[in-house]
Structure formats: C-alpha cells, structure tokens
Amino acid sequence: MHASVMDCIQVNLGVLADRFHGTDTHLRLGAPLRFDVRPLDPSPGALPTVEPELDERLASAARLLGLATSERGAGDLTGGPLYAVADAFALPWGPYFERQHMEHSFLVLDEEDPDRATVVDAYHNDTEWGPARPGWHSYPRDELAAHLAGAGLRLFDVEPCTPGAPPAPEANREHLTAAETDAARDRYVAAYREHPDPKAAVERLTLETWLLARDRALHAAWQCADPQAKAADRARDHAQAWAGFAEQVYVGLRRVRRDRPAPDLYGPLAGLLAGDAELAEHSAA
C-alpha cells in the first residue's frame with residue numbers, strides 16, 4: 001500500500017481494492033488529477049474546500065476501484081469485511097483519540113472468537129500528537145461498540161462490482177484541462193487571500209494543502225506504475241513541489257498562531273494550481 005500518499009478516507013478503501021482485485025489496484029484512485037471545490041459549510045463567505053464528502057469517495061471507489069458499497073445499520077458489527085467511518089476523536093488506536101474531531105475510516109473484520117472483532121487501519125501520517133501507522137487491533141466486540149457509540153458511525157458492506165475483475169483501464173484515465181480549472185482556481189485562491197480572518201484562512205489552508213499534496217503524490221505514484229502513463233517524471237516533480245509547499249504553509253500556520261505575519265502563501269498556491277492544469281494537459285497529450 002502507498003499509504004503515505006492517501007488520506008484517511010481513501011486508504012482503507014484501497015486496502016479492500018487490493019484484496020479483491022490485486023496488488024496496487026488502489027493506485028487507480030490517483031489517476032484523476034482533479035480540482036473539485038465545494039463550500040466548507042453553507043454560511044455566506046465560507047472558505048472553499050477540495051475535501052470530498054464521503055459519498056463522493058464511495059462513488060470514486062465504485063468507478064475507479066470496482067468496489068460496491070451498501071450501508072448497513074451502525075449497530076451491527078458482525079460479518080465483514082466492513083468499511084467504517086466514524087469520528088477519530090472516539091478511536092482509541094489513533095493519535096486523534098480524545099484530541100481532534102474528524103471523519104476517519106477503518107475496517108472491521110470478524111475473528112474466530114465471536115466476542116471479538118479486529119480493526120484494520122492502514123492510515124499513515126505524522127500528526128502533532130504522534131504518528132499514525134498502518135496496523136490491526138483486536139477488541140472485545142462490546143468494548144469496540146462502546147467506543148463507537150455516539151461517534152457518528154457509518155458502516156458499509158463492500159464487495160467487488162465484478163467479482164474477479166478490476167475496472168477497465170480506460171475508466172481510470174480522467175484528467176482536468178486548464179480551461180476547466182482557470183476560474184475555479186482563481187476563486188479558490190482569492191477566497192483564502194481575502195478572507196477577513198487571516199489566521200482562520202491559514203488554519204484551513206494547512207489541511208487543504210495537505211490534501212492537495214497527498215492527492216498529487218498519489219497521482220505521481222499512479223503515473224509511475226502505469227506503463228501507458230506519459231508524464232511520470234513531471235508528475236513526480238510536481239508532487240514534490242506540492243509537498244514542499246504544504247510544509248511552507250505549516251510553518252506559516254505556526255507563525256500566525258504566534259500572531260506573527262505569515263509569508264506570502266497565495267502566489268505560490270496559484271502557481272501550483274496552474275501547474276496542475278499544465279500537468280493534466282501534458283498527460284493527456
């Protein structure tokens with residue numbers, strides 16, 4: 001698993017894709033080079049976000065990974081493998097436990113002992129509270145249920161859309177063009193640059209650039225693994241530029257938290273987003 005370039009919702013869908021369709025199927029999530037923006041919340045002046053909602057993630061899993069998901073009642077942890085999403089604040093195996101609220105995915109597997117369940121979580125990240133690393137954890141079933149009570153749990157049965165066959169390669173060749181992203185890119189950068197609370201803007205931008213950097217790194221990993229891909233070197237260099245910028249934004253966040261001015265973040269952000277469109281055009285040429 002290329003776990004270190006996937007987010008916490010994608011990564012465990014990737015585990016199931018590899019289980020059903022073979023090694024590195026999860027890389028197909030990196031084929032689209034997208035810049036889909038939605039409002040962070042419905043209030044006027046809300047910052048935009050590139051973070052997909054869960055239903056979008058599940059639709060991508062069907063289209064790109066050949067995974068069919070069907071939701072079941074949140075209280076039924078039997079059977080499996082189950083794909084689960086809940087508040088990371090309630091998940092005792094992760095560094096966000098009792099520290100930060102955010103949606104997080106994991107898998108629930110049955111054990112031979114009917115009173116126990118296994119949690120598999122492939123998430124890989126270094127957080128301010130310590131590292132998250134791929135692993136599995138065994139819990140008494142009632143203890144796991146108690147942790148998940150009130151955590152907004154959603155449970156899904158997962159099976160291959162077409163048993164024994166991964167999705168067709170052409171289903172994974174989706175790229176944005178510059179014409180599709182120019183206006184959205186400009187509005188996105190302006191919304192952060194002109195936000196009335198610069199500290200709130202940089203706080204959110206830290207997560208946004210983390211998501212974008214991981215997405216571009218996953219795209220580069222897909223390019224490098226696909227013999228038909230046309231821009232592996234360019235995609236790898238672009239992903240490294242995004243990773244460096246995400247670090248720069250995090251340094252900016254630490255400055256604004258101390259009430260110091262942040263460096264210019266919005267010129268480089270616009271340049272990298274323009275580079276996305278150039279990479280997409282080069283890949284599709």
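Note that these values count all heavy atoms, side chains included, but never hydrogens, waters or copies made by symmetry. Here, residue 1 is the first one in the sequence, and each next residue gets the next number.
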Has [X] got a side-chain atom pairing as donor or acceptor with [Y]'s backbone, closer than 3.5 angstrom?
| X | Y | answer |
| --- | --- | --- |
| Q223 | A231 | yes |
| R57 | Q10 | no |
| R255 | P261 | yes |
| H104 | D87 | no |
| R116 | R141 | no |
| Q248 | L265 | no |
| D7 | I9 | yes |

Could you grab the distance from atom [atom1] of [X] to atom [atom2] of [Y], nearest 0.5 Å is fine?
| X | Y | atom1 | atom2 | value |
| --- | --- | --- | --- | --- |
| L212 | L205 | CG | CG | 8.5 Å |
| T78 | D110 | OG1 | CG | 6.5 Å |
| F89 | M102 | CZ | CE | 13.5 Å |
| L16 | H21 | CG | NE2 | 10.0 Å |
| L77 | L109 | CG | CG | 11.5 Å |

Do L64 and P32 touch side chain to side chain, with heavy atoms closer than 4.5 Å?
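A side-chain contact exists here, since the closest heavy-atom pair is under 4.5 Å.
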
Side-chain heavy atoms of E111 within contact of S138, under 4.5 Å
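A side-chain contact exists here, since the closest heavy-atom pair is under 4.5 Å.
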
Check ion pair K199-D259 (N to O, under 4.0 angstrom):
yes

Tell me whether D237 is salt-bridged to R234, with the criterion being a basic N under 4.0 Å from an acidic carboxylate O.
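No, this pair does not count.
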
Locate the shortest heavy-atom distance separating [X] from [Y]; write the atom from each residue and the value.
| X | Y | value |
| --- | --- | --- |
| R34 | R216 | O-NH2, 2.9 Å |
| M6 | R214 | O-NH1, 2.7 Å |
| T25 | D18 | N-OD1, 3.0 Å |
| A122 | V11 | O-CG2, 3.6 Å |
| R185 | A270 | CD-O, 3.9 Å |
| L144 | A117 | CD2-CB, 4.2 Å |

Kindly assign one of parallel, tilted or perpendicular to the pair Y188 and F35, based on the angle between their ring planes and the thresholds 30° and 60°.
perpendicular

Evaluate the ring planes of H238 and W242, with Trp represented by its six-membered ring, and classify them as parallel (under 30°), tilted (30 to 60°) or perpendicular (over 60°).
perpendicular

If you draw a 6.0 Å radius around CZ in R72, do more than 12 non-hydrogen atoms from other residues or ligands fall strictly inside?
yes

Using the ring-ring contact (aromatic ring centres under 6.0 Å, His included) rule, pick out the option among H124, H219, H26 that qualifies with H2.
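Only match with H2 under ring-ring contact (aromatic ring centres under 6.0 Å, His included): H26.
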
State which residue, out of Y83, Y139, W93, fulfils the ring-ring contact (aromatic ring centres under 6.0 Å, His included) condition with F106.
W93

Going through the distances and angles, do R154 and E103 end up as a side chain to side chain contact (heavy atoms under 4.5 Å, CB included)?
CA-CA 10 Å; R154 294 180 68 181; E103 281 192 334; 5.7 Å; no

Taking side chain to side chain contact (heavy atoms under 4.5 Å, CB included) as the criterion, tell me which of T209, L47, L253 meets it with R204.
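Between R204 and the candidates, side chain to side chain contact (heavy atoms under 4.5 Å, CB included) is satisfied uniquely by L47.
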
